[in-house]
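Everything on this sheet refers to the single structure shown next.
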Amino acid sequence: MKEITAFAQKVLNFLEPDPTEQKNILALADESAPSQADEMKKFKCRIIQARQKNEKVMVAGDYDCDGVISTSIMVDALRTLGIETGFYIPDRLHEGYGLRPKIVELAAAKGYSLLITVDNGVAANEALKKAKEIGLEVIVTDHHQFDEENPPECSLFIHPCKLEEPYQKLCGAGLVYEIFRSYGLVKPEYLQWAATATIADCMPVRDENRTIIRHGLAAMNDNCELHLALLTKKSHMNETDIAFQIVPRINCIGRLSNMANVNTFVRYFLNPDRRQISSYAFKVDELNSRRKQMSSQITELARGKLRLSRPVLMASDPSFHEGIIGTAAGALCEQYRKPVIIVSESANGCKGSMRAPEGFDCVNFLKPFEKFEALGGHKGAAGFTVAKENLEEFDKFVFRHGREIEWNRPEANLIPITEEEITIENIQSLDALRPFGKTFEAPKFVLKNPRITSVFDLSNGKHRKFTLAGGATALHFNQTSQDMQASVLSIKEIHGTLEISEYQNRKTPGMIIDEIVYF
């Protein structure tokens with residue numbers, strides 16, 4: 001009976017966290033005990049030593065949202081501890097991902113005696129070898145997969161898999177946040193930043209990740225720290241708002257490295273001057289608008305090059321911007337529900353990005369091709385580099401291997417719903433289950449034989465809005481040509497998630513359509 005009662009209490013805590021707890025932002029960070037792993041203790045000892053000896057520390061980060069935030073937390077925390085700290089994030093287009101020997105040599109030449117990687121480092125074999133040669137000590141903090149038989153050669157390696165079970169799915173920024181929580185250094189903004197990065201990296205919404213996201217969102221909605229607040233127009237946010245408003249703005253600087261320097265985003269997070277960071281946030285918003293425009297253009301051009309009969313779709317072109325091909329591949333994958341590869345052609349090497357629906361493994365699909373110059377990623381997304389002269393052979397491989405490979409998309413668990421049940425009250429009741437995300441997805445619903453009272457096309461037919469009986473709406477983004485030509489009377493089912501849209505202070509219940517099934 002005690003076990004059942006304890007389980008019931010866990011369920012209640014999961015659905016309805018103590019409201020008094022949400023009023024104390026610092027208390028939010030203390031729901032779970034900090035990690036007591038040996039790596040955390042060793043890090044603390046090494047940082048104390050660096051402070052005592054007045055050492056200079058270099059932080060080497062990554063250009064995506066997780067990398068920028070990881071760098072920001074690490075640099076701010078070390079400076080708070082009185083350590084002279086510099087940082088560097090490589091240029092995506094000209095330098096590529098990860099720690100390079102050149103960065104190591106530059107750090108040593110500038111007098112740094114300790115280099116700490118964040119959100120990268122597990123695969124930086126050449127750079128770590130160079131650091132050892134020249135006597136620069138390196139601490140690697142990373143969450144990406146690594147060869148357990150050959151872990152990175154460094155003085156200290158901190159990885160989620162080396163921590164206690166609740167911490168084993170942390171992203172890069174989540175790991176840095178937990179390092180300093182174990183150290184005893186907790187600032188309110190670190191929690192909010194770590195929550196944003198965890199959402200950005202689509203980490204499993206379980207264990208400590210769930211704690212970080214839930215408490216980070218509560219803190220934002222109680223008193224959002226200034227740097228994040230300037231990147232959104234919403235006063236109350238959930239994980240979806242973070243993913244679609246704040247994360248793309250942070251990512252766009254790294255993607256468009258020919259237009260901006262991603263290191264300035266770290267300076268943004270470290271800058272307390274409201275006037276200066278407000279000006280920067282405005283420029284970021286402008287660049288993000290440019291990114292969306294470019295992404296739309298590349299998506300449309302790529303769509304015209306796709307051979308839709310193929311099981312794995314592919315398009316390549318010299319005009320495709322390397323930093324945008326991932327978002328284009330993602331949009332087309334979502335639209336056609338097939339794996340999509342988009343390649344930016346260049347005489348110096350072709351960069352490709354692959355996105356795939358759930359159930360398909362991108363890396364396993366690509367691995368058999370033997371002429372990649374670089375390949376990385378995970379099941380749902382992968383990136384690679386291939387020489388220009390091998391691109392045609394790669395295209396043939398994609399066609400041939402695509403016909404051979406078998407994969408099944410997991411069957412969705414759909415909850416039947418009627419038009420009358422799509423109400424603001426019912427949708428708000430789902431908030432008790434938030435935050436949603438990977439491994440804890442938002443409930444998906446099926447509306448059978450929908451009663452549609454009106455149809456309105458948006459963006460020249462790219463998107464479509466249906467008005468349902470009762471006044472709720474259903475939005476279908478990125479329609480296919482079949483969707484555009486189909487009659488409303490031919491719609492058998494609508495599958496999707498529920499949301500409340502707000503315009504001019506008026507709230508409307510609705511559905512975001514994942515799929516339309518026709519008779």
Side-chain angles (χ1 to χ4, degrees), residues 63-64 92-94 96 244 247-249 251-260 286-357 360 362 365-366 369 372 374 377 380-399 402 457-464 475-485:
Y63 43 66
D64 68 356
R92 180 183 192 131
L93 300 181
H94 297 106
F244 284 94
V247 173
R249 285 169 168 78
N251 277 333
C252 78
I253 304 296
R255 291 185 183 281
L256 301 176
S257 62
N258 58 322
M259 302 180 188
E286 288 185 324
L287 192 62
N288 188 52
S289 297
R290 173 67 177 144
R291 189 270 311 169
K292 288 192 287 187
Q293 182 185 27
M294 291 172 64
S295 180
S296 180
Q297 291 170 347
I298 291 174
T299 302
E300 290 305 312
L301 181 57
R303 182 183 285 110
K305 290 173 169 282
L306 298 177
R307 299 177 187 178
L308 297 177
S309 59
R310 286 188 173 191
V312 177
L313 307 179
M314 177 173 159
S316 63
D317 196 271
S319 70
F320 292 166
H321 191 290
E322 179 188 324
I324 307 294
I325 54 176
T327 57
L332 293 167
C333 169
E334 184 178 343
Q335 181 174 14
Y336 294 109
R337 299 185 172 274
K338 287 184 176 184
V340 176
I341 299 170
I342 304 297
V343 180
S344 172
E345 296 180 33
S346 168
N348 298 323
C350 301
K351 301 290 182 70
S353 188
M354 183 176 190
R355 298 291 185 272
F360 189 97
C362 290
F365 174 82
L366 295 169
F369 187 72
F372 286 125
F384 59 84
T385 303
V386 64
K388 175 74 171 176
E389 59 267 24
N390 294 326
L391 184 59
E392 185 176 348
E393 183 179 346
F394 174 67
D395 184 42
K396 292 177 180 177
F397 161 83
V398 171
F399 175 60
D457 280 344
L458 307 165
S459 301
N460 296 318
K462 183 178 180 181
H463 316 303
R464 181 166 289 175
L475 281 169
H476 193 199
F477 294 103
N478 298 312
Q479 298 186 98
T480 64
S481 55
Q482 178 192 7
D483 294 320
M484 294 179 191
Q485 297 166 11

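Fair warning: this is a prediction, and the values are worked out from it, not measured in the lab.
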**Request:** Show your working on side-chain contact (heavy atoms from CB on, under 4.5 Å) between Val312 and Met354 and close with a plain yes or no.
**Result:** CA-CA 10 Å; Val312 177; Met354 183 176 190; 4.2 Å; yes

**Prompt:** Excluding sequence neighbours, so at least two apart, what forms ring pair (Phe, Tyr, Trp, His ring centres under 6.0 Å) with Phe399?
**Reply:**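 Partners of Phe399 by the ring pair (Phe, Tyr, Trp, His ring centres under 6.0 Å) criterion come out as none, since no residue qualifies.
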
**Item:** For Tyr336, all residues meeting ring pair (Phe, Tyr, Trp, His ring centres under 6.0 Å), sequence neighbours excluded
**Value:**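 Counting only residues at least two positions away or on another chain, Tyr336 forms no ring pair (Phe, Tyr, Trp, His ring centres under 6.0 Å).
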
Of all heavy-atom pairs between [X] and [Y], which one has the smallest distance, and what is that distance?
X	Y	value
Leu93	Ser257	CG-OG, 3.2 Å
Ser316	Leu391	OG-CD2, 4.1 Å
Ala382	Cys362	CB-CB, 3.8 Å
Ile298	His321	CD1-N, 3.5 Å
Ser353	Phe384	N-CE2, 4.2 Å
Leu308	Leu313	CA-CD2, 3.8 Å

**Message:** Looking at Glu392, I'd like to know if its CD atom is crowded, meaning that more than 12 non-hydrogen atoms belonging to other residues, nucleotides or ligands lie closer than 6.0 Å.
**Reply:**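 Count not over threshold, so no.
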
**Prompt:** Ion pair present between Arg310 and Asp395, side-chain N to carboxylate O less than 4.0 angstrom?
**Reply:**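 Between Asp395 and Arg310 there is a salt bridge, with a charged N closer than 4.0 Å to a carboxylate O.
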
**Asked** Would Asp317 and Lys305 pass as an ion pair if we require N to O under 4.0 Å?
**Response**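 The answer is yes: the pair qualifies as a salt bridge.
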
**Request:** Evaluate the side-chain proximity of Pro339 to Pro357: yes if any heavy-atom separation is below 4.5 Å, no if none is.
**Result:**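 Yes, at least one pair of side-chain atoms sits under 4.5 Å.
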
**Asked** Can you name the side-chain contact (heavy atoms from CB on, under 4.5 Å) partners of Lys462, sequence neighbours left out?
**Response** Ser296, Glu300, Ser459, Asn478

**Message:** Using the side-chain contact (heavy atoms from CB on, under 4.5 Å) criterion, which residues pair with Ser481? Sequence neighbours excluded.
**Reply:** Gln485

**Request:** For Thr299 and Ile324, run side-chain contact (heavy atoms from CB on, under 4.5 Å): C-alpha distance rounded to whole Å, both residues' side-chain angles, the deciding distance at 0.1 Å, then the answer.
**Result:** CA-CA 9 Å; Thr299 302; Ile324 307 294; over 6 Å; no

**Request:** Apply side-chain contact (heavy atoms from CB on, under 4.5 Å) to Met294 and Met259, showing your working.
**Result:** CA-CA 13 Å; Met294 291 172 64; Met259 302 180 188; 3.8 Å; yes

**Message:** Parallel, tilted or perpendicular, judged at 30° and 60°: which one describes the rings of His463 and Phe477?
**Reply:**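 Judged by the thresholds at 30° and 60°, the geometry between His463 and Phe477 is perpendicular.
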
**Asked** Parallel, tilted or perpendicular: which describes the rings of Phe369 and Phe394, with under 30° parallel and over 60° perpendicular?
**Response** perpendicular

**Prompt:** Can you tell me how far the CD atom of Glu322 sits from the CZ atom of Arg255, to the nearest 0.5 Å?
**Reply:**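 Going from CD on Glu322 over to CZ on Arg255, the span is 11.0 Å.
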
**Complete:** Residues passing the side-chain hydrogen bond (donor to acceptor under 3.5 Å, both in side chains) test with Ser295, sequence neighbours excluded, are Thr327

**Request:** State which residues pass side-chain hydrogen bond (donor to acceptor under 3.5 Å, both in side chains) with Asn288; sequence neighbours excluded, sorted by chain then number.
**Result:**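 Applying side-chain hydrogen bond (donor to acceptor under 3.5 Å, both in side chains) to Asn288 gives Arg291.
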
